[in-house]
Amino acid sequence: MNCGFRLICVSVTVLLALFVAVALGNVFLVAPAMLSRALSDGSVWPVIKVSLQTSLLAALLAMLLGTPVAYVLARRRFFGKAAVETLLDLPVALPPMVAGLALLILVSPASPTGQVLAKAGIHLIFTQAGIVLAQLFVALPFYIRAVRSAITAIPPSIPAAAAVLRATEAYTFFHVILPLSREGMISGFVMCWTRALGEFGATAMVAGCIPGVTETLPVAIYTRATSGDLASAGAAAFCLATISFVTLVGLRLAFKEASLRRKA
Amino acid sequence: MIALDDIGMRFGERRVLKNLSLEVARGEFAILFGASGSGKTLLLSILAGLEKPTSGRVLIGGLDMTRVAPEHRPVTLVFQRHALFPHLTVFENIAFSLRARHAHRGVVRERVGELMALTGLEEYAHARPDVLSGGQCQRVAFARALASDAEVVLFDEPLSSLDNGLKAGLMSELKRLHRMKPFTALYVTHNLEEASALGERVYLLEHGRVTRSCLPCELQGCVDGRSAADLNEPQESAIIRAEGKRSLIACGR
């Protein structure tokens, strides 16, 4: 009985791992000639640049905005907290196209918000700022979740000790809460960044696909593959998958090293 | 120095502290003696400002501090499980309060050095709490509390998790520290030996009230043959402990 159960579990694990390996293998095994041609003709580099620029900026903004939000959600009790939490989590469950449409309506010149933004000289439709907004919208909950968990894991007696040692809440936040949540912040940043990097639906809705301006890697994969340029689409997919893979492996190694250092 | 005036505390329908009044004179080492879960920790949280009482007033040095934030009270607290900052070294833990008050670097170095010498921690200055023994951690907690220059030091059963040998050593160390720097102390315990050895006056907490006070030498007779567990309904203990933990979270700290 035990043996059969174990066999089923192991078989399912092996089959799933094989499925992922074969599916992703097609991306990583893109013909070298095809890849070098696509990279050398220069059409992929601007796409990589736009993607890295916007996704890193979105992740940095998520860090800046999400950290205090995560702190409030982890440490404070207030009326309507559950509603606020659900609202902030909603972009995770929302289909990206719906998120994109919501943002498009919000910032379109016809809307009151769009008119205020236009008066302030801020243009979000078909711009890189629009990409950052869309990426931030869908990726922010990932950062908030990771940091909130890290802050919740700090025993309440630690910030209480800081308070009775005459530290203000702000001092405690910067000198106790943030250092103790560092791992959560790093993993949240990386999750948020990779989510932003891979964002397609909302980005395409808000910023469209202007080559060299608003064309990101996922958008490029879609437009080039649907127009029959598989070499270029393959190269873009290869770059995106490589960035994700290297990030994931790097993060695992960094945490493993940190954990070993702590044990030592 | 400390006066609790008619303090009441309820969680929903449950009254944990009932019209509790207590006075501790300046420089006195007072003991609050009661069973586990009788609300002793909650009372310290109220004194430290980590919890707001439902009714009554907290007076420290004659001033009403009931609604004053913990960082603005002349009070510090030594926690039962040390609550040292795990990411800071022994030196940094002790220096925390001084740095939080933006003390000059030279002052920090001098004060922390002095306190490390006083508590025998010099050789552990660069060690992090996770490599220290329970007794060493508690010594860091004592030094850290003294570095805050608080006039009142509250102790929440700080020796309860230590073995008897360590406990005896730390008790005499604590007495020595109090002789050298006569701060006002309120020390919470359910241990007769600790209460008798450390206190100058003992207050008994029963059923959410301070029912009597006595000298340490009279404590055995004061308890009157009852075990500490009899001083409170045992079924309330778990609930009060849970509420106490929740209160730390509720105060958002």
Side-chain angles (χ1 to χ4, degrees), chain A residues 67-82 84-85 144 147-187 254-255 257-264, chain B residues 41 44-45 47-51 68-88 92-103 128-131 140-141 143-150 152-156 244-253:
Chain A
T67 307
V69 174
Y71 173 72
V72 167
L73 294 179
R75 290 277 165 209
R76 295 274 174 198
R77 282 195 296 177
F78 54 88
F79 177 75
K81 184 178 172 182
V84 172
E85 282 173 326
I144 293 176
V147 179
R148 190 198 162 165
S149 300
I151 296 176
T152 308
I154 300 171
S157 61
I158 296 288
V164 297
L165 290 167
R166 316 263 192 107
T168 59
E169 193 172 356
Y171 188 89
T172 305
F173 177 75
F174 287 109
H175 292 86
V176 178
I177 301 291
L178 288 190
L180 291 178
S181 316
R182 197 180 52 190
E183 281 185 17
M185 288 173 71
I186 294 170
S187 70
F255 281 147
E257 198 180 306
S259 151
L260 284 175
R261 225 181 7 247
R262 267 199 306 275
K263 276 180 193 160
Chain B
T41 298
L44 291 192
S45 294
L47 260 168
L50 298 169
E51 182 66 51
V68 174
E71 62 267 26
H72 299 306
R73 295 186 185 206
V75 176
T76 193
L77 173 63
V78 176
F79 289 79
Q80 189 173 11
R81 301 213 180 277
H82 330 304
L84 299 180
F85 304 118
H87 60 299
L88 302 180
E92 291 164 338
N93 261 284
I94 300 172
F96 184 85
S97 175
L98 292 158
R99 286 177 175 165
R101 286 175 286 145
H102 310 292
R128 291 198 189 241
D130 56 354
V131 300
V140 178
R144 188 177 70 167
L146 294 180
S148 73
D149 296 315
V152 179
V153 184
L154 309 171
F155 296 91
D156 186 9
K245 273 181 194 156
R246 212 184 63 184
S247 71
L248 281 180
I249 301 166
C251 71
R253 312 296 294 185

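Below, chain A is the first sequence line, B the second, and so on; all start at residue 1.
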Checking heavy atoms, do the side chain of Arg81(B), its backbone, both or neither come under 4.5 Å from chain A? neither
Interchain contact, Arg128(B) with chain A, by part (heavy-atom threshold 4.5 Å): neither
Minimum-distance pair of heavy atoms, taken over all atoms of Val164(A) and Ala48(B): CG1-CB, 3.8 Å
Ala150(B) versus chain A, the contacting section by heavy-atom distance below 4.5 Å: both
Looking at Arg166(A) and Asp149(B), does any basic side-chain N land under 4.0 Å from a carboxylate oxygen? no
Side chain, backbone, both or neither: which part of Leu98(B) has an atom under 4.5 Å from a heavy atom of chain A? neither
Ile158(A), part contacting chain B, at a heavy-atom distance under 4.5 Å: both
N-O pairing of Arg76(A) and Glu169(A) below 4.0 Å: yes
State, with a plain yes or no, whether a side-chain heavy atom of His82(B) is found less than 4.5 Å away from one of Ser157(A). no
Which class fits the ring pair Tyr71(A) and Phe173(A): parallel under 30°, tilted 30 to 60°, perpendicular over 60°? perpendicular
